[in-house]
Amino acid sequence: MGRFKWKPNKSQKEEYAKKMNEIDEFCQAHNIKASLSNDSYYFTINEQMYRVSNHSIEQSNAGAYNRLTGEKVRELYHEEGRRDDTIYIHASKTRIIDIYNDLAAGYKLDSRGRRVLTNDKSERAKPIITREQMKNNANKIAQNEHIKSKGNSKGQEER
């Protein structure tokens, strides 16, 4: 069985490149660290560490061994395996902005980065942080945007 390979047209390539630039800027503004291949992202919100990736730690480490011989072909990327202090979310890198914003807003997410909903309306998508923490997070984001916009206006004046 063959694997499907995405063959984008010119406009799809441009749209994808634009989205990746947006993600890069967002990651820089919010202190989100990316792996060398840009398929795993690491960040901390309210002293909780998160890893968002399109593959698991186990899949990453499995690539260190030849499938046929079992011979080690490279170093393990995650020698310690899964960490107890980190929440792992399996999702596409194009969803990192939505996932980060949901977590910053205090929503509980499942292991796929989707908001956790319950049947009880009082518990539906209940934030895990207080309103005060949400206001502080929003103020930090607004302050970063303000500083960023000041930097952009200076660059435009010089041109």
Side-chain angles (χ1 to χ4, degrees), residues 3-4 6 8 11-64 74-155:
R3 296 183 78 177
F4 173 76
W6 183 51
S11 65
Q12 289 172 324
K13 286 179 184 177
E14 290 171 357
E15 185 179 322
Y16 183 76
K18 188 176 177 182
K19 178 71 172 173
M20 297 313 328
N21 286 337
E22 180 184 338
I23 289 170
D24 289 342
E25 290 173 6
F26 184 86
C27 288
Q28 286 178 344
H30 295 89
N31 197 29
I32 299 172
K33 307 295 183 224
S35 65
L36 292 176
S37 60
N38 281 338
D39 59 0
S40 298
Y41 294 90
Y42 304 85
F43 56 91
T44 302
I45 296 178
N46 296 325
E47 299 178 20
Q48 175 61 59
M49 293 192 304
Y50 294 91
R51 176 185 187 263
V52 176
S53 182
N54 64 352
H55 62 277
S56 69
I57 296 283
E58 295 78 17
Q59 287 172 319
S60 179
N61 283 341
R74 66 163 169 81
E75 293 300 316
L76 296 174
Y77 291 146
H78 307 280
E79 287 190 36
E80 70 281 355
R82 288 184 180 258
R83 297 173 50 164
D84 292 336
D85 62 347
T86 302
I87 294 176
Y88 296 89
I89 298 175
H90 188 94
S92 164
K93 61 185 168 185
T94 57
R95 294 185 52 223
I96 185 68
I97 295 173
D98 295 331
I99 290 169
Y100 182 91
N101 286 335
D102 280 352
L103 290 168
Y107 289 104
K108 292 180 184 179
L109 303 182
D110 66 10
S111 63
R112 296 286 186 171
R114 299 172 296 214
R115 289 182 184 178
V116 176
L117 302 176
T118 64
N119 290 333
D120 182 9
K121 289 184 180 180
S122 65
E123 290 291 318
R124 184 161 285 169
K126 187 175 182 180
I128 56 175
I129 62 175
T130 65
R131 287 199 179 279
E132 188 65 31
Q133 289 171 320
M134 281 192 260
K135 286 180 184 177
N136 289 340
N137 287 344
N139 289 337
K140 286 179 187 176
I141 291 169
Q143 187 177 21
N144 284 341
E145 292 299 320
H146 178 70
I147 291 169
K148 187 176 167 184
S149 68
K150 275 187 166 182
N152 287 345
S153 64
K154 287 180 183 176

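These numbers come from a predicted model, not from an experiment.
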With a cut-off of 6.0 Å (strictly less than), are more than 12 heavy atoms of other residues, nucleotides or ligands near CD of Glu15? no

How about Val52 and Ile32: do any of their side-chain heavy atoms sit closer than 4.5 Å? no

Test of understanding: with ring pair (Phe, Tyr, Trp, His ring centres under 6.0 Å), list the residues that count as partners of Tyr100, not counting sequence neighbours. Phe26, His30, Phe43

Partner residues of Asp39 under the salt bridge (Lys or Arg N to Asp or Glu O under 4.0 Å) criterion, sequence neighbours left out: none

Among Ser92, Ser40, Ser35, find the residue that satisfies the side chain to side chain donor-acceptor pair (under 3.5 Å) test when tested with Ser53. Ser40

Flag side-chain contact, heavy atom, 4.5 Å: Arg115 against Leu109: yes

pair Gln48-Tyr50: side-chain heavy atoms closer than 4.5 Å: yes

Could you measure the distance from the CD1 atom of Ile96 to the CG atom of Asp24? Nearest 0.5 Å is fine. 11.5 Å

How many angstroms lie between atom OH of Tyr41 and atom CD1 of Ile97, to the nearest 0.5 angstrom? 9.0 Å

Close side-chain approach of Tyr16 to Pro8, heavy-atom, < 4.5 Å: no

In terms of heavy-atom contacts, Arg95 and Arg112 come closest through NH1-O, 2.9 Å

Does a side chain donor of either Arg51 or Tyr42 reach within less than 3.5 Å of an acceptor in the other side chain? yes

Work out which heavy atom in Lys93 is nearest to a heavy atom in Asn38; give both atom names and the distance. CD-O, 3.1 Å

By side chain to side chain contact (heavy atoms under 4.5 Å, CB included), Gln28 pairs with (sequence neighbours left out) none

For Lys19 and Thr94, work out which heavy atoms get closest and say how close. CE-O, 3.4 Å

If you measure from OG1 on Thr44 to CG on Leu103, what distance do you get to the nearest 0.5 Å? 11.5 Å

